[in-house]
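Structure first, then comments.
First listed ligand is number 1; within each ligand, the first listed atom is number 1.
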Amino acid sequence: MSFDRSIKIAPSILSADFANFGQEIQAIEAQGADWVHIDVMDGHFVPNLTFGPMAVKAFRPHVKTVMDVHLMIAPVDPYIDAYADAGADVLTAHVEAGPHIHRTLQAIRAAGMKAGVALNPGTPAEAVAHLLDLTDLICVMTVNPGFGGQKFIDMTSKIRSLRSMIGDRPVHIEIDGGVDPKTAPLVAEAGADVLVAGSAVFKGGSVDTPEVYGENIRNIRAAASGVWA
Ligand code: DX5
Ligand code: ZN
């Protein structure tokens, strides 16, 4: 995984057909997805349940790009090795998930993955001020985590603060929640480079009509780049 700040679209498979993940992942990658975003929820840190490490390991052979695993679980540390074994490229933990995010980020890197840190909408940018050299990605939540399809919460001032705090460090800013062709330009202009999108990518398409995914991805990318497709 090399670092650059070009716009990357990371479809969240939370909006895919849950009976057909292999084909859904292949379809979004064939249609231009840069990363594949996997939302892990525990019914405790967030009020919903999704994938354990065995499911994520089963997704791995289908992902040819970057497997971006977003942990919405607490605690995190007991599961780091399991998600490394499942083949995560990026493993992101929430700063709100426990008292020792510094240790968690060290452990994620020690397990051979890129370390991400996520911030809920109510958490300020300053929460990661002392973590900038321990992280490869900061995920700014633009919804309260737990469900796809929620309304975008404007976090552009937080994104700008983070962009300035990061400076020249090779740290991605990822936006997660309510990203579509209307909101993508706001977050891209503020300094984000990885745009997670669930409903806006999968809407209207299926593995039988994957070109719809392609059109949805192109529309988000074009909007973020300031040029409509
Ligand atoms: C929310 C998840 C998101 C979500 C995004 O808890 O972390 O990744 O699936 O879905 P949309 O794009 O539909 O808001
Ligand atoms: Zn997510």
Side-chain angles (χ1 to χ4, degrees), residues 7-18 21 24-25 28 31 33-52 55-56 59 63 65-74 76 79 83 86 88-97 108 113-123 135-155 159 172-188 192-205 212-213 215-217 219-221 223-224:
I7 294 290
K8 289 162 283 293
I9 310 294
S12 164
I13 61 166
L14 194 60
S15 295
D17 173 3
F18 267 46
F21 283 118
E24 290 277 43
I25 290 168
I28 53 174
Q31 293 295 324
D34 299 288
W35 293 13
V36 175
H37 185 83
I38 299 174
D39 286 307
V40 173
M41 304 186 185
D42 68 351
H44 164 75
F45 180 70
V46 290
N48 198 1
L49 276 168
T50 57
F51 317 115
V56 174
F59 303 152
V63 178
T65 58
V66 170
M67 192 159 82
D68 176 34
V69 179
H70 176 193
L71 297 181
M72 285 160 276
I73 68 173
V76 170
Y79 301 101
Y83 285 98
D89 295 303
V90 182
L91 193 68
T92 296
H94 270 258
V95 74
E96 307 86 0
I108 292 172
M113 297 171 284
K114 299 285 184 193
V117 59
L119 300 174
N120 279 335
T123 302
T135 191
D136 302 289
L137 173 148
I138 301 172
C139 174
V140 178
M141 295 304 303
T142 39
V143 296
N144 285 297
F147 303 95
Q150 301 184 82
K151 191 175 178 321
F152 177 82
I153 303 168
D154 189 349
M155 290 282 137
I159 300 166
H172 297 289
I173 298 182
E174 176 176 77
I175 307 303
D176 192 0
V179 172
D180 64 19
K182 284 203 182 70
T183 56
L186 305 175
V187 298
D193 63 299
V194 183
L195 307 187
V196 175
S199 32
V201 166
F202 286 92
K203 151 185 104 169
V212 177
Y213 298 159
E215 192 181 337
N216 290 341
I217 290 170
N219 285 341
I220 299 168
R221 194 191 305 280

If we only count heavy atoms from C-beta on, is the [X] to [Y] side-chain gap below 4.5 Å?
| X | Y | result |
| --- | --- | --- |
| Asp39 | Ile13 | no |
| Val90 | Val66 | yes |
| Phe59 | Glu24 | no |
| Phe202 | Leu14 | no |

For Leu71 and Met41: C-alpha separation, side-chain torsions, deciding distance, then whether side-chain contact (heavy atoms from CB on, under 4.5 Å) applies.
CA-CA 7 Å; Leu71 297 181; Met41 304 186 185; over 6 Å; no
Quick check: Phe51 with Tyr83 (ring centres under 6.0 Å apart)?
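When the ring centroids of Tyr83 and Phe51 are compared, they turn out to be at least 6.0 Å apart.
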Do the ring planes of His70 and His37 sit parallel (below 30°), tilted (30 to 60°) or perpendicular (above 60°)?
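Geometry flag for His37 against His70: tilted rings.
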What is the name of the N/O/S atom of [X] that is nearest to the Zn ion (ligand 2)?
| X | value |
| --- | --- |
| Asp176 | OD2 |
| Asp39 | OD1 |
| His70 | ND1 |

Does any N, O or S atom in His37 come within less than 2.8 Å of the Zn ion (ligand 2)?
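Short answer: yes, at least one N, O or S atom is under the cut-off.
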Would you call Lys114-Asp68 a salt bridge at under 4.0 Å N-O?
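No.
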Who are the residue neighbours of ligand 1 when the rule is a heavy atom under 4.0 Å from any of its atoms?
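Contacts of ligand 1 under 4.0 Å: Ser12, Leu14, His37, Asp39, Met41, His70, Met72, Met141, Pro145, Gly146, Phe147, Gly148, Gly149, Asp176, Gly177, Gly178, Val196, Ala197, Gly198, Ser199.
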